[in-house]
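Every chain is numbered from 1, with letters handed out A, B, ... down the list of sequences. Just the heavy atoms: all of them, side chains too, but no hydrogens, waters or symmetry mates, feed the values below.
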Amino acid sequence: MNAIVCEPAVATNAGCAARVASYHCEVMEHRWVNARYKYLRLHAQAPLARITRCGQFYQLRCPVSERQQPFLLRPMSVYGTGPEEGTIEFLYNVTGVGTRALAELPVGGTMEIVGPLGNTFGFDPAYQRILVVARGVGLATMAPLVREAGNNGVAVTALMSARSPADLMREEFLRGVEAQVHSVYDSDGSSAVERIEILLRELIETQALQAVYTCGSHRLLMLLQRVLADYPGIRGEVAMEQRMACGMGVCLSCVRLFDCGKEKGGKQDMQFLRVCREGPVFPISTVVGEVEFG
Amino acid sequence: MADRYEDPQRVDLRVHVGDLILRNPVMPASGCFAIEYREALDLNRLGALVIKSVSPKSRAGNPTPRVAETHGGMLNSIGIPSKGLEYFRASVLPPYTAYDTPVVVSISADTAEEFAAACAEVSLPEVAAIEANISCPNLEADGMAFAMAPETTYRAISAIRRCTQHPVWAKLTPNAANVAAVAKAAEEAGADAVVMGNTVLGMAIDVRTRKPKLGNVMGGLSGPAIKPIALRMVHQCHRAVRIPVIGCGGIATAEDALEFMLAGASAVQVGTASFIDPGVMQKIIDGLQAYCEQEGIAHLRELTGAVQLDRQLTDRWLRFAQQSG
Ligand SMILES: Cc1cc2nc3c(=O)[nH]c(=O)nc-3n(C[C@H](O)[C@H](O)[C@H](O)COP(=O)(O)OP(=O)(O)OC[C@H]3O[C@@H](n4cnc5c(N)ncnc54)[C@H](O)[C@@H]3O)c2cc1C
Ligand SMILES: Cc1cc2nc3c(=O)[nH]c(=O)nc-3n(C[C@H](O)[C@H](O)[C@H](O)COP(=O)(O)O)c2cc1C
Ligand code: FES
């Protein structure tokens with residue numbers, strides 16, 4: 001289930017019993033963490049903590065209110081699970097119809113979530129140090145990875161980018177895991193690509209990193225792709241987003257183009273892959289930096 | 001033949017679609033189902049398995065974004081991404097045929113001849129029926145499709161009929177002006193059933209960016225928003241033809257499925273509703289079971305076309321209304 005790209009997912013899970021379901025959840029906690037983001041903790045009568053892996057997501061059935069009437073489910077990364085078996089957490093940006101409706105859900109209310117969906121980050125507990133490069137909602141997606149590293153005694157370096165210090169959500173990201181944090185901001189110009197490149201190269205040169213993970217910024221993704229091309233020994237992975245309907249690999253709405261390397265004849269093997277199924281985690285090297293078809 | 005997935009104590013949910021007997025009337029709609037749903041459903045309990053349309057020509061599909069939500073439904077412009085029939089037979093079809101459930105292959109093509117050749121190629125023993133998607137609005141210019149008119153429907157279905165002994169289901173489009181005439185043309189050309197129907201051609205614009213919400217500009221509307229349209233057309237088809245009608249469009253609950261059967265459907269297809277709950281088809285089957293038990297119905301198939309119409313009502317009304325000034 002790791003981010004091994006370009007192999008059909010059809011053959012996996014052969015004959016396995018029902019695994020993905022719509023879970024009925026109760027809202028245990030629901031609060032603003034800053035002006036734009038909300039934290040949501042749900043509880044289901046199902047062992048969600050046990051069946052959910054790091055990097056996976058669920059599709060949330062946002063409530064219908066008089067003002068907001070979302071129809072499709074909203075894909076959301078799992079921000080955390082446990083300690084109780086049935087507990088699952090999300091951290092989300094309140095932006096459009098669905099998330100605005102979601103934001104109105106009261107504690108004690110109920111909602112359906114469908115999952116777990118998608119593949120997982122490729123993480124080896126034997127790693128010494130990983131680098132996580134986060135911006136915006138990307139930190140929700142990578143928070144479980146930081147926790148897993150912490151649990152396994154793997155050192156974490158975090159490069160966090162935000163509009164301003166008020167938007168950083170450092171504690172929300174690390175959740176008590178010790179990490180070497182480098183924060184950069186739009187407000188003081190430190191998040192400029194040229195300056196981050198210098199910082200990145202320095203971190204890679206001076207720290208024995210085995211893997212780099214990113215989520216939340218196309219600009220940072222493209223920078224990492226360029227920089228990591230010089231360090232083929234380092235695993236580089238990105239969690240991607242795309243418009244979804246089914247979230248399960250069925251409808252083909254969430255495809256993106258990926259560069260799967262050279263074919264036998266020497267031609268580049270370019271393939272449309274489903275972000276919900278072959279992803280959301282992909283090797284950074286395979287991403288095609290086309291922004292028009294976002 | 002006894003179906004080992006059927007409980008003999010329970011109500012008889014079996015339905016007939018031509019010569020084909022299905023264990024219950026609930027099957028997925030093409031393009032809204034794939035093998036991945038085995039993780040959310042027991043595929044041995046569905047009435048049939050309908051696969052995403054395949055076209056003989058390789059194509060990439062339409063530009064992204066390919067979906068957009070609308071009030072009570074969604075627009076899609078997936079297109080028919082396809083790696084051709086050889087790939088389909090070798091890599092797509094086999095996992096579906098591993099179940100004890102009839103497999104329906106859906107074909108899309110650009111010309112009547114291409115349709116016929118493709119249907120011949122998938123007329124395999126492990127395939128129970130072929131659905132000819134003569135209605136996909138995305139592929140032809142401005143959504144024009146064979147099923148828009150009786151003549152082109154007749155041409156496509158009769159070309160297919162000459163090339164296969166397999167049951168052929170014609171999937172019609174609600175975008176046609178006169179679906180009864182189109183259904184009749186399909187019947188006359190030798191179709192074993194009609195599926196009514198596909199998506200309703202639609203469009204949505206983001207007022208902030210002023211761009212269409214779909215990469216393809218236009219796309220097919222599906223979900224509860226189209227249910228009354230599909231239901232009306234199923235009823236019109238039921239009146240127009242003797243071959244079975246399979247209902248499709250906005251079905252999300254057992255009650256929806258029952259409505260379609262009463263309107264004249266022998267079986268139903270569930271599309272968009274699976275995107276909201278991948279386990280919904282099983283819930284619909286369970287709901288049909290419960291309804292039959294509550295209503296004392298021994299054989300679900302007796303409901304087909306059983307809507308209670310009062311043919312004299314209009315006459316009585318006219319007489320009654322004469323009293324008014
Ligand atoms: C795998 C995955 C994980 C995600 N994890 C998180 C997370 O942990 N926290 C978080 O805040 N956000 C996350 N997102 C983004 C989140 O799905 C969107 O912000 C959300 O769908 C917006 O819905 P809306 O109704 O508020 O916005 P609207 O703009 O009203 O949505 C309209 C439609 O577009 C879709 N859409 C809009 N933005 C996105 C987007 N960025 N990605 C995919 N679909 C989109 C919606 O799902 C909906 O169908 C994730 C996206 C994906 C694909
Ligand atoms: C994402 C998506 C893809 C579809 N792909 C196909 C297809 O390949 N072939 C086809 O005949 N119909 C296709 N359809 C139409 C459905 O099979 C169905 O006719 C339509 O969605 C109406 O049913 P619903 O309201 O239950 O979804 C597609 C629909 C959707 C939403
Ligand atoms: S969302 Fe349907 S295939 Fe990915």
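One distance of note links CG of A:Leu252 with CG of B:Asn62; it measures 11.5 Å at 0.5 Å rounding. Note that the OG atom of A:Ser253 and the CG atom of B:Asn76 stand 8.5 Å from one another [nearest 0.5 Å].
The environment of CD in B:Glu86 is sparse: at most 12 heavy-atom neighbours from other residues, nucleotides or ligands sit within 6.0 Å. The number of heavy atoms from other shown groups lying within 6.0 Å of CD (A:Gln45) does not exceed 12. More than 12 heavy atoms of other residues, nucleotides or ligands sit less than 6.0 Å from atom CZ of A:Arg219.
Residues A:Ala245 and B:Met74 share a closest heavy-atom pair of CB-CE, 4.1 Å. Among all heavy-atom pairs drawn from A:Phe71 and B:Thr70, the shortest one is CB-O, 3.9 Å. Counting all heavy atoms, side chain and backbone alike, A:Leu72 lies closest to B:Glu69 at N-OE1, 2.8 Å.
Between chain A and the options B:Ile276, B:Val280, B:Asp277, heavy-atom pairs under 4.5 Å are most frequent for B:Ile276.
A:Arg243 places no side-chain N or O within 3.5 Å of a backbone atom of B:Thr64 that could act as its donor or acceptor partner. No side-chain donor-acceptor contact under 3.5 Å links B:Glu39 to the backbone of A:Val20.
For the side-chain contact (heavy atoms from CB on, under 4.5 Å) test, residues two or more places apart in sequence or in another chain that qualify with B:Thr97 are B:Leu93, B:Val103, B:Glu126. Residues that satisfy the side-chain hydrogen bond (donor to acceptor under 3.5 Å, both in side chains) test with A:Ser285, not counting sequence neighbours, are absent from this structure.
When side chains are defined from C-beta on, A:Cys251 counts as touching B:Phe275, because their heavy atoms get closer than 4.5 Å.
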